[in-house]
Amino acid sequence: MKGLAGKVAIVTGSGRRQGLGAAILKRLAAEGCRVVVTDLGTPGGLLGADHIGASEEMQAMVTELEAAGAEAIAIPCDVRDARDVKRLVELTVAHFGRLDIMVNNAGVGYLMKGFTEVTPEEWQVVLDVNLTGAFLCTQQAALQMIKGGEGGRIINIASQAAKSGFPHLAAYVASKHGMVGLTRSTAIELAEHGITVNAVCPNHVTTGLGAKQNAYYAQLSGQTLDEFLASMRKRIPLGRPGLPEDTAAAVAFLASDDACYVTGEAMNVSGGEEMH
Ligand SMILES: NC(=O)c1ccc[n+]([C@@H]2O[C@H](COP(=O)([O-])OP(=O)(O)OC[C@H]3O[C@@H](n4cnc5c(N)ncnc54)[C@H](O)[C@@H]3O)[C@@H](O)[C@H]2O)c1
């Protein structure tokens, strides 16, 4: 990919070894980017402990990236907290001297239940992480990129759920549709500064939060996980579920010079399952 060597990239929610964020970090680092591993660090409240990138995992990610020859640092950040996000960008610039790429990947999609049972707190936490978090990170990144005067790339990890509805995931689907609206509006406003804003819309990936969704839907439809995954393969024209590396490749392209004329796009990475 052209133009990525030496660029500085933040990938939010990238502290979990199995998550899409880790794959994005590794791909950007392999393309020569200097990268910031950032995640919640300390899980709490409704976000639970079993699906959150913890501080030790973030450090392990830095060690792995450094072993592969990359420059990396870890900075904990709760994307719901405006002060945390401001500090994330400030510390990144203090360490690396610039910010070129912001990947809004932090997300919550595992609070699944029938719409009439969703509590206001559950609705709010999903919207806060997935949409308000992307707003705060986009705003701070844009302010820094404008100051830097060399443009930049903002990439929102949305979802197939940004294009279609899914049962038992109303808050998630609403937040991801909102992310595409945020992408389109900010793409128009930030274009004059040479900043492109795009979204990537993966279908079900069988790692990270996708694994939880797949297990839940298998149970909901009375299928074993294997049966559910087989039916998924059948309806995906390219015949397999997504891999974290598929999303990472799309991010690398959108971050590269080759994508300099692409903005406001919500790119499906779904093996042909989602086409609009
Ligand atoms: N896995 C899939 O099938 C799939 C498909 C489409 C889109 N996505 C999107 O990709 C992104 C990554 O998903 P994943 O599958 O790797 O799931 P994941 O659960 O492994 O990753 C999400 C990360 O976000 C972090 N996070 C949660 N709340 C946070 C907060 N308040 N502040 C900072 N970080 C926070 C978590 O700790 C976790 O590391 C999400 O935005 C998700 O919606 C995933």
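Scope of the values below: all heavy atoms of this structure, side chains included, with no hydrogens, waters or symmetry mates. Counting from 1, the numbers follow the sequence of the chain as shown. We count ligands from 1, going down the list as the structure has it; atoms in each ligand are counted the same way.
- Close approach of ligand 1 to Ser159 (heavy-atom distance below 4.0 Å) involves ligand atoms 6 (C), 7 (C).
- In summary, the atoms of ligand 1 found under 4.0 Å from a heavy atom of Arg80, numbered by their order in the structure, are 31 (N).
- Between the NZ atom of Lys2 and the SG atom of Cys260 there is a distance of 8.5 Å, given to the nearest 0.5 Å.
- Here is the list of ligand 1 atoms found below 4.0 Å of a heavy atom in His204: 3 (O).
- For ligand 1, the polar-atom distance check against Val79 finds a nitrogen or oxygen pair separated by under 3.5 Å.
- Polar contact check, Arg16 against ligand 1: a nitrogen or oxygen pair lies under 3.5 Å apart.
- Note on residues 99-124: pairs passing salt bridge (charged side-chain N to carboxylate O under 4.0 Å, His left out), not counting sequence neighbours, are Arg98-Asp100, Lys113-Glu122.
- In this structure, the separation between CG on Asn156 and CZ on Arg184 is 12.0 Å, given to the nearest 0.5 Å.
- Contact annotation for Cys77 and ligand 1: only backbone heavy atoms (N, CA, C, O) come within less than 4.0 Å of the ligand.
- At a heavy-atom cutoff of 4.0 Å, ligand 1 is contacted by the side chain of Val129 but not by its backbone.
- Below 30°, between 30° and 60°, or above 60°: for Phe166 and His204 the angle between ring planes is above 60°, a perpendicular geometry.
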Legend entry - Working for side-chain contact (heavy atoms from CB on, under 4.5 Å), residues Leu169 and Tyr217: CA-CA 11 Å; Leu169 269 177; Tyr217 283 127; 3.1 Å; yes

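- Ring geometry for Tyr216 against His168 counts as tilted: the plane angle lies between 30° and 60°, on a 0 to 90° scale.
- Applying the 4.0 Å criterion to heavy atoms of Gly210 picks out, from ligand 1, the atoms 1 (N), 2 (C), 3 (O), 15 (O).
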Inset, instruction - Determine, step by step, whether Asn268 and Lys163 satisfy the side-chain contact (heavy atoms from CB on, under 4.5 Å) criterion, reporting the C-alpha distance in whole Å, the side-chain angles of both residues, the deciding distance to 0.1 Å, and the verdict. - result: CA-CA 9 Å; Asn268 296 318; Lys163 305 280 187 86; 2.9 Å; yes

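- With hydrogens and angles left out, the side-chain atoms of Asn203 and Glu273 include a donor and acceptor closer than 3.5 Å.
- Only the backbone of Asn203 comes within 4.0 Å of ligand 1, judged by heavy-atom distances.
- Of the listed residues (Val269, Val103, Leu209), the one carrying the non-hydrogen atom nearest atom 13 (O) of ligand 1 is Leu209.
- Ligand 1 places these atoms under 4.0 Å from at least one heavy atom of Gly19: 16 (O), 20 (O).
- Salt-bridge annotation for Glu64 and Lys26: present, with a side-chain N of the basic residue lying under 4.0 Å from a carboxylate O of the acidic one.
- Between Asp246 atom CG and Arg240 atom CZ the span is 4.0 Å, to the nearest 0.5 Å.
- Residue-to-ligand polar distances keep Ser14 apart from ligand 1: every N/O pair is separated by 3.5 Å or more.
- Looking at heavy atoms from C-beta onward, Asp39 lies out of side-chain contact with Glu57 at the 4.5 angstrom threshold.
- The N/O atoms of Pro202, backbone and side chain alike, include none that comes under 3.5 Å of an N/O atom in ligand 1.
- For ligand 1, the polar-atom distance check against Gly21 finds no nitrogen or oxygen pair separated by under 3.5 Å.
- In this structure, OG in Ser159 is found 9.5 Å from NE2 in His177, a value given to the nearest 0.5 Å.
- Interface atoms of ligand 1 facing Gly107, defined by a heavy-atom separation under 4.0 Å, are 22 (C), 24 (O), 27 (C), 40 (C), 41 (O).
- Proximity to Tyr172 (heavy-atom distance under 4.0 Å) selects the following atoms of ligand 1: 7 (C), 8 (N), 9 (C), 42 (C), 43 (O).
- Within the 4.0 Å heavy-atom criterion, the part of Ala158 lying near ligand 1 is the backbone and not the side chain.
- With a heavy-atom cut-off of 4.0 Å, Gln160 does not touch ligand 1 at all.
- Inclusion of Gln213 in the set of residues having an N or O under 3.5 Å from an N or O of ligand 1 is not warranted.
- Here is the list of ligand 1 atoms found below 4.0 Å of a heavy atom in Asn105: 10 (O), 11 (C), 12 (C), 40 (C), 41 (O).
- At a heavy-atom cutoff of 4.0 Å, ligand 1 is contacted by no atom of Tyr110, backbone or side chain.
- Of the N and O atoms on the side chains of Thr138 and Asn104, at least one donor lies less than 3.5 Å from an acceptor on the other residue.
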